[in-house]
Amino acid sequence: MTGPADRPLTVRNPLRHGLAAWGPGLLVMLADTDAGNVVAAAQAGAQWNFRLLPLVLALIPALYLVQELAARLGLFTGEGFGALIRARYGKGVALLAFSGLALASFGTLVTEFTGVAGIGELYGLSRDVTLPAAGLALLAVAATGAYRRAEQAALAFGLFECAFLVVAWKARPHPADMMRDFFHAPLGDSGFLFLAAAIVGSTFNPWMVFYQQAATARRSLRPDDLPAVRADTAIGAVLTQVLTGAVLIAAAAALHAGDRVRGLASIGEIGEALAGALGRDNALLVFSLGVLGASFAAAIVASLALSWGVAEVFPASGGSRRFLGLYAAGLCGAAALVYFAQDLVWLNIAAQAANALLFPLVVGLLIALTARVLAPPLRLRGARHAVMTVLAASVGLIGLIGAAAAFR
C-alpha cells in the first residue's frame, strides 16, 4: 500500500505544526462523556460510593492505547477502519465490523434520547415533544451535512459538565476511603458486575474507533505529526475519564446512602449532586445544558462515524441514500424504545453494558490490522503488544462477565 507511511519521518516544529493534527482525539473523547457516561458514573457513585472509581481511572491507559492505534492507522494508511478491513479481510469481515458499529450507534442514540427525555421531564416536558424534536434535529444535521457547526455548538454546551469537577473538588473524598472501597469491592454481586460492564461500555465504543481513524486520515497529515496526534489522544483520554470520575465522586457525595444500596430514581436526580455547590436552580440548569450538549455531540460524532462507515464498507453508489435510510430507521427505533421505557436509568445502563460486548471484536481487528498494513517499526511489538493484548483481554473480560451477570 502506498501512502503516508512510505514517506520518511522528518522532524518538524511541533508548535508550528501541532494544530494541524489537533482535534479528532479530543473531540471523540469529549463526545464519549455523554448522557450514557454520566448516568453510568452517577449510578456507580450513588449505589457503590467509590468502589468503581479505580476501574474508571484504570481505563485511561487502555482507552489511550485503543484510540492511539486507530489514529496511527489513519495517519499512516490514509484509510478509514471499515475500508482497511474490507481491503484486507474481505466484505464478510467488514460487514461484521459494520454491524458492531451500527449496533453501537443505535445504542448511543438510545442513551442520548434517554438524556433528552430525562431532562425534558425535569422541566415538565412530555416525551411526545422532546423525542420527536431531538430526532428531527439529528436527521436535519445528517441530511444537510452540517456536522461541524452542530458539533461545535453541542460541545460548547457539553463543557458545562465540567461543573462536576467543582463538586468533586469540594467533596474532598479521603484517599483512605477510596482505598477501603477498592479492597471491599463486592465482586460476587451481579448488580455490581453489571454496573462495571456499563462503565466499560460507556468508555469504549466502536464508533470512537471508526471516527478517530477516519477523521485522522481525512486531515492529510504527515508521519511526523504522530507526536501531536498522540498528545491529542492522550489529553482526551485523561480528560474524559477524570470527568467521569468527577461525576462518580459528586454522585457519591450527594446521593450515596451509607451502607444501603440505592440506585438513581431518575436522570434528573443527578442534577441534585450539583446543588450543594451551585444552588439548586443553577445546578439543574448547568446539568441540563451539559447533558444535552454532550448528548448531541455524541449523537453527531456517532452519526458521522456511521456515515463514513457506510461509505467505507459499501463504496458503491447510493451509499448516501442507504445511510439516510438506515439512520432514519435507527432514530425512529431508538426514540420508540425510549418513549415506552418506564425506567430510563436502567435502559441507559443496559445500553452501555451492551457496548462492552462489542469491545473485543473492535480491538482484535485493530491489533490484526496493525500487523498487516503498517511498516514493521510502527507495529505493536514486544512489551507494547503484550500490554495492549492483556489490557484488551482484561477489559473485554470485565465487560463479558458484567453483561452476563445481568441475566443471573
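In this structure the side chain of Gln352 never reaches within 4.5 angstrom of the side chain of Val39, judged on heavy atoms. Put simply, the side chain of Val238 does not reach to within 4.5 Å of the side chain of Tyr64, judged on heavy atoms. Taking 4.5 Å as the limit, every side-chain heavy atom of Asp232 sits out of range of all side-chain heavy atoms of Val229. In this structure, the side chains of Thr240 and Leu243 stay at 4.5 Å or more apart for every pair of heavy atoms. Counting only heavy atoms from C-beta outward, the side chains of Met208 and Met29 approach each other to under 4.5 Å. No side-chain heavy atom of Phe296 sits under 4.5 Å from any side-chain heavy atom of Val141. A heavy-atom distance below 4.5 Å is found between the side chains of Leu122 and Ser288. In this structure, Asp34 and Glu112 have side chains that are in contact, with non-hydrogen atoms separated by less than 4.5 Å.
Taking each heavy atom of Ala71 and Thr216 in turn, the nearest pair found is O-CG2, 3.6 Å. The two residues Leu53 and Gly245 make their nearest non-hydrogen contact at CD1-CA, 3.8 Å. Across every non-hydrogen atom of Ala356 and Ala197, the tightest pair is CB-O, 3.6 Å. Taking both residues in full, the closest heavy atoms of Phe113 and Gly135 are given as CE2-N, 3.7 Å, listed atom of the first, atom of the second, then distance. Nearest heavy atoms, Ala335 versus Leu131: O-CD1, 3.6 Å. Leu195 and Ala40 make their closest contact through CD1-O, 4.1 Å (heavy atoms, listed as atom of the first residue, atom of the second, distance).
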Take Thr77 and Leu374 through the test side chain to side chain contact (heavy atoms under 4.5 Å, CB included) and record every step on the way to the result.
CA-CA 8 Å; Thr77 67; Leu374 293 180; 4.2 Å; yes

Verify side chain to side chain contact (heavy atoms under 4.5 Å, CB included) between Thr233 and Gln212, making sure each step is shown before the conclusion.
CA-CA 9 Å; Thr233 304; Gln212 187 162 359; 2.8 Å; yes

Does Gln47 form a side chain to side chain contact (heavy atoms under 4.5 Å, CB included) with Phe192? I'd like the steps, not just the answer.
CA-CA 9 Å; Gln47 282 193 321; Phe192 180 83; over 6 Å; no

Worked check of side chain to side chain contact (heavy atoms under 4.5 Å, CB included) between Thr370 and Phe76:
CA-CA 10 Å; Thr370 59; Phe76 287 96; over 6 Å; no

Criterion side-chain hydrogen bond (donor to acceptor under 3.5 Å, both in side chains) on Ser307 and Tyr327, from CA distance to verdict:
CA-CA 9 Å; Ser307 174; Tyr327 189 59; over 6 Å; no

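Although no hydrogens or angles enter the test, the distance criterion places a donor-acceptor pair under 3.5 Å between the side chain of Ser99 and the main chain of Leu95. In this structure, the side chain of Ser295 engages the main chain of Val291 through a donor-acceptor pair within 3.5 Å. Distance alone, capped at 3.5 Å, places no donor-acceptor pair between the Asp225 side chain and the Ala228 backbone. In this structure a side-chain-to-backbone donor-acceptor pair under 3.5 Å is missing from Arg51 to Ala185. A side-chain donor-acceptor contact under 3.5 Å links Glu312 to the backbone of Gly82. At distances below 3.5 Å, not a single donor-acceptor pair connects side-chain atoms of Arg88 with backbone N or O atoms of Val373. Between the Gln213 side chain and the Glu79 main chain, a donor and an acceptor come within less than 3.5 Å of each other. With hydrogens and angles disregarded, a donor-acceptor distance shorter than 3.5 Å links the side chain of Arg72 to the backbone of Leu378. Asp343 places a side-chain N or O within donor-acceptor distance of the main-chain N or O of Val345, the cut-off being under 3.5 Å. Panel note: side chain Arg86, backbone Lys91; no donor-acceptor pair is recorded below 3.5 Å.
Geometrically, Arg372 engages Tyr89 in a cation-pi contact defined by less than 6.0 Å to the ring centre and at most 45° from the axis.
Atoms CD and CD, on Gln43 and Glu269 in that order, are 9.0 Å from each other to the nearest 0.5 Å. Atom OG of Ser303 sits about 9.5 Å away from atom CH2 of Trp207, to the nearest 0.5 Å. In this structure, CD on Gln67 lies 11.5 Å from OH on Tyr211, to the nearest 0.5 angstrom. Atom CZ in Phe194 sits 12.5 Å away from atom CG in Asp189 (nearest 0.5 Å). A distance of 5.5 Å separates CZ in Phe81 from CZ in Phe210, rounded to the nearest 0.5 Å. The structure places CD1 of Ile300 at 12.5 Å from OG1 of Thr108, a figure rounded to the nearest 0.5 Å.
Listed by chain and number, the residues in a salt bridge (Lys or Arg N to Asp or Glu O under 4.0 Å) with Arg180 are Asp177 (sequence neighbours excluded).
Under the 30°/60° scheme for interplanar angles, the aromatic rings of Phe204 and Phe359 are found to be tilted.
Partner of Leu366 under the side chain to side chain contact (heavy atoms under 4.5 Å, CB included) criterion, out of Val66, Leu361, Ile85: Val66 alone. When each of Leu109, Thr130, Leu347, Val116 is paired with Val338, the side chain to side chain contact (heavy atoms under 4.5 Å, CB included) condition holds for Leu347 and for no other.
In this structure, Phe98 has its ring center closer than 6.0 angstrom to the ring center of Phe314.
For the residue pair Thr114 and Asn348, a side-chain donor N or O sits within less than 3.5 Å of a side-chain acceptor on the partner. Counted by atom type alone, Glu121 and Ser126 present zero donor-acceptor pairs between their side chains at under 3.5 Å.
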